[in-house]
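Numbers restart at 1 for each chain; the letters A, B, ... are given by sequence-line order, proteins then strands.
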Amino acid sequence: MIAYIIRRILYAIPILIGVNILTFLLFFVVNSPDDMARMFLGQKHVTEEQIEDWKSERGYHQPLFYNAEEEGVEKLTQTIFYTKSVRLFVFDFGRSDSGRDISFDISQRMWPSLAIAVPQLIVGLLVTISLALLIAFFRGTYIDYWAVVICVALMSISSLFYIIGGQFVMGKVLRVVPISGFEDGVFGIKFLILPVLIGIIGGIGSSTRWYRTIFLEEINKDYVRTARAKGISEQMVLFKHVLRNAMIPILTGVVVILPLLFMGSLITESFFGIPGLGSYTIDAINRQDFSIVRSMVFLGAVLYIIGLLLTDISYTLVDPRVRLN
Amino acid sequence: MTENISTLGKQITSPLLRIENLTTVFETGSRKVTVVDGVSFEVNEGETFALVGESGSGKSITALSTIRLLPEAARVTTGSIYLGNQDLLSLPERDMRNIRGSGISMIFQEPMTSLNPVTKVGKQIAEVLIRHKGMSKLQARQRALDLLDAVNIKNPAHTIDTYAHELSGGMKQRVMIAIALACEPKLLIADEPTTALDVTIQARVLDLINELQQKFKMAILFITHDLGVVKQVADHVAVMKQGRIVEQSTNEVFFSNPQHDYSWELFAALPAMEKRGKPLLAASVVEKVVDQKNTDKDTLRVKDLKVHFPIKKGILKRTVGHVKAVDGVSLEIPPGKTVALVGESGSGKTTVGKGILRLVQPTSGEVTYLDLPIHEIGKQDLLEQRTNLQIVFQDPYSSMNPRMLVGDIIEEGMKALNVLKDTQARKARVLELLEQVGLSKDAHLRYPHEFSGGQRQRICIARALAVNPKIIICDEPTSALDVSVQAQILDLLNELQARLGISYLFITHNMSVVAYFADRVAVMYQGKIVEEGEVEQVLTDPQHEYTKKLLAAVPKLVPPERILA
Amino acid sequence: MMFGKPVFLITDVLIFFLVFVIILFFAYAMRKPHLRKPWRQVVRSKAGVISIMVLMLYVCIGILDSMHFNPKVENSSKDGDIQYSGEIQSVFDLIVSDIRNSTEKTYSAPFAAYLFAKETVQLEDGTKIREHPRLTWGGAHLANPELEKGADILRLAITGLVKALVVWLVLMTLLCLLLSVRAKKSFFAVTKNIAKGASDIPWRTIAVTLAVLLAVILVGAEWAAKYHVLGTDKVGEDVLYQALKSIRTGVVIGTLTTLLMLPFAITLGIMAGYFRGWVDDVIQYLYTTLNSIPGVLLIAAAVLMLNVYMGKHAEDFASLTERADMRLLFLCLILGLTSWTGLCRLLRAETLKLREVDFVQAASAFGVGPTQTIFRHIMPNMMHIVLITIVLDFSGLVLAEAVLSYINIGVDPTMNSWGNMINSARLEMAREPVVWWSLAASLFFMFTMVLFANLFADVVRDALDPRIAKS
């Protein structure tokens with residue numbers, strides 16, 4: 001088990017290197033720092049000096065890979081590649097193009113993201129699994145048929161509609177909760193209700209349908225017939241036998257996204273004005289702040305790899321048949 | 001308990017299970033298929049009633065109708081089923097549930113998938129006790145330990161806390177039996193309980209069922225396709241064909257003088273030592289055409305063949321050991337002869353076949369044919385030899401590409417190996433081959449799924465024959481087939497051998513097929529050959545312990561001879 | 001060409017290529033019974049035929065909108081040589097030229113005859129008052145909108161319905177005639193059969209769907225000729241026109257993305273599964289790496305870089321339309337880059353399974369080489385996975401476009417798309433009274449297409465997936 005984890009962590013290194021090189025190519029080689037400076041300062045009427053100033057302020061004035069002007073190791077370290085990409089491996093995200101400390105921002109902004117994402121995930125799972133179980137109980141009937149049709153209709157609606165519609169109805173017409181904003185502490189809850197609720201409703205269609213498929217697949221297996229042959233009621237068969245087996249794919253599917261919850265949701269956070277990592281990223285995209293986007297790409301990759309590792313480990317915990325080696 | 005039985009014993013006026021005119025249909029869309037068609041029989045207390053039939057005869061659906069666990073598409077349309085005086089079909093589902101697991105229990109064919117994979121086996125046994133006997137968890141666990149002991153599991157205290165995947169097939173079936181017997185049902189339905197098991201394990205499980213039947217005084221409805229098993233376990237026998245019972249009688253009568261023609265056909269199709277040299281079903285024997293001069297080099301020699309698969313472990317995936325699938329096998333296949341390779345599942349017999357053909361690269365050892373070292377010759381030479389050495393697989397469903405026409409499937413080998421360069425000649429040869437294996441010529445324009453299992457196996461044989469091989473490796477070619485279809489395929493193989501002088505390496509687990517079909521036999525056990533020799537000699541006077549055990553486990557059945565009036 | 005000089009944008013070419021491939025595929029599949037069978041099941045299910053018909057409508061609009069040309073300049077042909085304007089139009093623009101050219105000053109509500117906002121109007125006597133001025137086009141034919149509008153709308157609707165009925169009757173008669181000839185039965189018997197809903201292919205469902213679609217199209221056309229059916233947006237452009245033009249963008253993204261990534265996914269997936277060893281390691285590394293970058297961020301990064309690139313090379317693009325088209329294609333590429341990994345993994349697993357199957361083993365016993373084995377035995381046996389992926393991905397991609405355009409990393413802002421419509425309408429919900437029609441129109445058009453695409457995907461999957469097909 002420990003050997004397995006070590007191997008997986010070692011395996012993560014080349015992947016992170018790959019991600020790093022890919023983003024480096026995308027940000028510094030496809031377009032030179034000069035292009036970015038010009039873009040940032042406006043296309044026309046930019047003097048060379050302004051560009052140089054912009055670059056040196058942000059540390060983009062160094063050569064890409066090899067600095068011939070420096071001595072010794074610094075030939076390699078005083079380069080964009082080292083300062084901007086290699087430093088990411090020690091989670092040194094540096095400063096954003098507007099001069100803010102990215103690491104500090106991340107540590108501040110992940111909490112609001114979690115405040116939305118965690119309740120949304122937990123309540124969402126409970127609701128969708130219960131619904132799916134209910135539909136599975138009525139399988140083959142008209143209830144099942146129409147439930148699936150409703151699920152398909154729900155998942156055909158754009159997530160933007162849920163947000164705009166929810167804000168309009170709950171916030172503007174009914175005036176139950178504030179439309180957007182955020183506040184720390186207990187009083188902040190009123191700001192969380194709407195985004196969490198909308199997130200759950202938006203996911204009901206596709207998740208319920210997916211879980212229903214998993215349940216139906218399990219119901220047709222031989223061991224369920226054995227359970228029925230014991231004289232156990234259909235409800236108990238579903239709860240004690242089918243649910244436990246179906247939870248394996250469901251849980252492991254959830255575990256992989258757990259670490260990514262830190263990153264927040266781009267759309268929800270920007271709509272509801274929540275100061276989380278999602279809106280941080282969106283703002284960076286809109287302001288064309290490349291440092292932040294680059295940092296978030298790397299952070300996302302790290303979290304995804306952690307998610308994969310957690311998935312494998314959770315398999316061994318919930319499924320006695322799986323052993324890691 | 002004893003008192004209970006004795007009081008029951010006094011009032012035996014009606015049988016334990018009475019099925020009258022049962023009809024079950026499958027409905028898919030607007031299509032209706034009658035699977036069980038007016039079946040009636042009675043099972044008395046304490047007796048074993050065997051329901052025999054080939055696949056699709058409706059025997060399993062009869063059983064599932066009885067315990068009311070039919071698949072969703074199936075429905076009982078007419079008939080009645082009485083357990084004692086209770087009409088099961090008119091019971092509400094709630095009451096039927098009280099009977100399942102306590103009045104009637106069932107064990108299934110696939111022990112591998114019939115146990116819940118994520119629940120400990122002890123809990124699965126306890127579940128039924130808690131449900132029907134109202135025991136506490138602790139009581140149920142105690143009883144589960146006793147039950148595990150009763151089904152001859154050696155270390156119940158350990159086994160009770162294992163998961164299904166940690167147990168072998170035979171152990172799983174024992175656990176299934178423990179679940180079924182937990183509430184001491186009056187009737188046990190056993191649906192092909194030993195079909196998925198090796199013959200030695202089958203023998204032990206059958207003994208166990210017999211022993212427990214005596215102990216618990218229950219009746220068994222035993223469903224099987226294997227006449228040998230029927231002979232061993234049944235008091236009464238009913239033969240099913242296409243949803244109907246065609247014959248019902250006692251064990252003695254059935255195995256000495258069956259009444260129905262279909263029963264006779266089943267017996268005729270059984271391969272046995274006594275029938276050697278005679279066709280099973282075909283009308284006449286094909287005379288051996290001896291025109292080749294076989295020399296010594298025509299014998300395929302396998303010397304010390306080893307196929308090891310590496311086990312990789314640790315951080316750097318180092319090889320820490322090997323699975324020795326084949327561990328030093330030596331064999332000779334003389335021209336025009338059949339050599340049987342017998343063994344139980346996991347003995348490595350299939351890997352031997354693939355190793356000889358280099359579908360799996362052997363780790364070491366030699367394979368010599370026509371003075372060529374097959375195990376190490378280059379690509380081009382190997383291609384040439386592929387015309388001489390061919391293979392027929394076990395599963396007729398997966399051995400043909402479903403997207404190709406039968407004609408193209410047969411032609412593929414000829415094209416790839418340049419056997420016939422002319423397209424017209426190849427087409428003509430395809431038609432000739434189809435005729436040779438007993439299929440109509442228009443088969444070449446159809447797809448594999450349009451054929452039955454037996455017909456597909458004929459196509460596979462035609463495909464192998466297309467490149468004029470001298471040796472065909474038959475990897476369990478009949479074990480997926482019903483006994484009557486198996487007989488046809490064996491007849492065909494015999495006929496082809498007589499006509500074309502082909503030799504076979506016949507890989508099988510079925511002793512009676514060996515006894516009927518092979519010239520020589522090699523017995524494999526855990527990657528090694530433990531005994532080898534002429535069939536008559538090995539089968540009548542086995543030397544090795546394992547061979548003795550294997551032969552002892554095979555149910556004895558001498559098919560009755562039909563005396564024509 | 002009579003309206004002008006044809007122009008082929010890159011996405012147009014790819015769309016026509018795709019249509020060509022689909023036609024070829026069906027022509028091929030119809031000759032193979034095992035390929036024909038699942039599709040027969042699709043056209044025999046009610047959900048299948050309804051969704052096919054609705055999607056066909058969308059796709060037809062998309063294809064018409066993909067036939068581009070430079071229009072002739074009206075008064076240029078006096079000295080013989082024809083001049084073409086630099087503007088790029090499509091055949092679809094030509095069909096709906098009425099509503100295309102019917103711009104107002106600013107917002108107007110659906111079926112309105114007056115502008116939504118009050119304006120200071122100078123009366124003839126010189127006095128200035130604030131009022132809702134009449135629209136220049138919508139309802140301009142009415143002398144007194146307050147009194148006549150309701151009756152006029154009803155009258156137009158009835159005209160449309162009558163036209164629809166006539167067209168429907170003609171089409172249905174032709175259909176019944178055709179069927180009666182093919183089945184060699186009397187016309188009357190065939191018609192009765194359809195009316196009872198007793199045919200194999202659900203012709204009755206098809207007839208009802210056709211009636212509904214015809215009614216919607218023809219009534220809509222009647223209305224659209226006189227009114228702004230879905231109102232106008234901030235700059236007075238007809239919302240219905242925008243929503244219809246957005247169809248092409250949705251269809252292009254939904255189909256071309258998959259088309260562009262298919263070759264990579266198929267080649268790499270099969271190679272990884274068939275050759276195993278280091279080939280497998282490299283390919284797995286490749287897709288794990290790509291997968292580990294959150295999709296939105298990868299798209300954002302790539303689009304940001306594209307912006308910089310396009311800013312630098314502005315002169316490379318002949319027109320705004322071509323520039324927007326390049327960006328659309330690039331978006332398809334980058335979406336494809338983030339979505340090929342799923343299919344690749346599926347195909348790798350399937351290849352690993354298939355290469356151990358007996359018929360592949362039999363082929364190697366005949367010495368059939370890897371290339372032939374892959375093309376003859378492996379590829380045909382996993383095409384169902386590819387097809388299922390194509391139809392399943394379609395709706396997800398259409399929805400993704402809206403979200404991406406909403407956060408400004410989607411299609412070009414000048415291009416008509418549902419995402420851009422929603423994006424520009426985001427603040428309108430906060431207005432008092434609410435301007436809802438732009439948003440509602442885009443969401444409704446998108447919802448309809450995605451819903452029927454999802455239903456179609458379900459039917460196709462049920463028909464093609466061997467695991468489901470068996471039970």
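- Contacts with chain A were tallied for B/V118, B/T113, B/I189; B/V118 has the most, counting heavy-atom pairs under 4.5 Å.
- Proximity to chain A (any heavy atom under 4.5 Å) is shown, for B/S105, by neither the backbone nor the side chain.
- Annotation for B/N155: atom CG counts as buried by contact number, over 12 foreign heavy atoms lying within 6.0 Å.
- Residue A/F215 qualifies as enclosed at atom CZ: its count of foreign heavy atoms under 6.0 Å is above 12.
- In this structure, B/H132 and A/G231 approach most closely via the heavy-atom pair NE2-CA, 4.1 Å.
- The side-chain heavy atoms of B/N116 and A/T226, taken from C-beta on, include no pair separated by under 4.5 Å.
- By the side-chain contact (heavy atoms from CB on, under 4.5 Å) test, B/I160 is found to be paired with B/R141, B/A144, B/L145, B/L148, residues two or more places apart in sequence or in another chain being considered.
- Residues B/P117 and A/P320 come closest through the heavy atom pair O-CG, 3.5 Å.
- Against chain A, the residues from residues 119-131 of chain B that qualify, each with a non-hydrogen atom under 4.5 angstrom away, are B/T119, B/Q124, B/E127, B/V128, B/R131 in number order.
- Here A/D222 is the residue among A/D222, A/I248, A/V318 with the most heavy-atom pairs under 4.5 Å with chain B.
- Panel note: side chain B/H165, backbone A/V322; no donor-acceptor pair is recorded below 3.5 Å.
- Among A/I232, A/D319, A/V224, the residue with the largest count of heavy-atom pairs under 4.5 Å with chain B is A/I232.
- Ranked by heavy-atom pairs shorter than 4.5 Å toward chain A, the options B/M96, B/R100, B/M106, B/M112 are led by B/R100.
- Of the two parts of B/N98, neither the backbone nor the side chain holds a non-hydrogen atom closer than 4.5 Å to a non-hydrogen atom of chain A.
- Among B/G103, B/P71, B/G101, B/S114, the residue making the largest number of heavy-atom pairs under 4.5 Å with chain A is B/S114.
- With a threshold of 4.5 angstrom between heavy atoms, B/M176 approaches chain A through side-chain atoms but not through N, CA, C or O.
- Chain B is approached within less than 4.5 Å, heavy atom to heavy atom, by no residue from residues 117-136 of chain A.
- The environment of A/F89 atom CZ is dense: over 12 non-hydrogen atoms of other residues, nucleotides or ligands sit within 6.0 angstrom.
- Identified by a heavy-atom distance below 4.5 Å to chain B, the contributing residues of residues 234-242 of chain A are A/E234, A/K240, A/H241, in residue-number order.
- Between chain B and the options A/R228, A/R244, A/R225, heavy-atom pairs under 4.5 Å are most frequent for A/R225.
- Heavy atoms closer than 4.5 Å to chain A are found in the backbone of B/L115, but not in its side chain.
- Heavy atoms of B/E166 lying under 4.5 Å from chain A are absent altogether.
- For A/R8, no part lies under 4.5 angstrom from a heavy atom of chain B.
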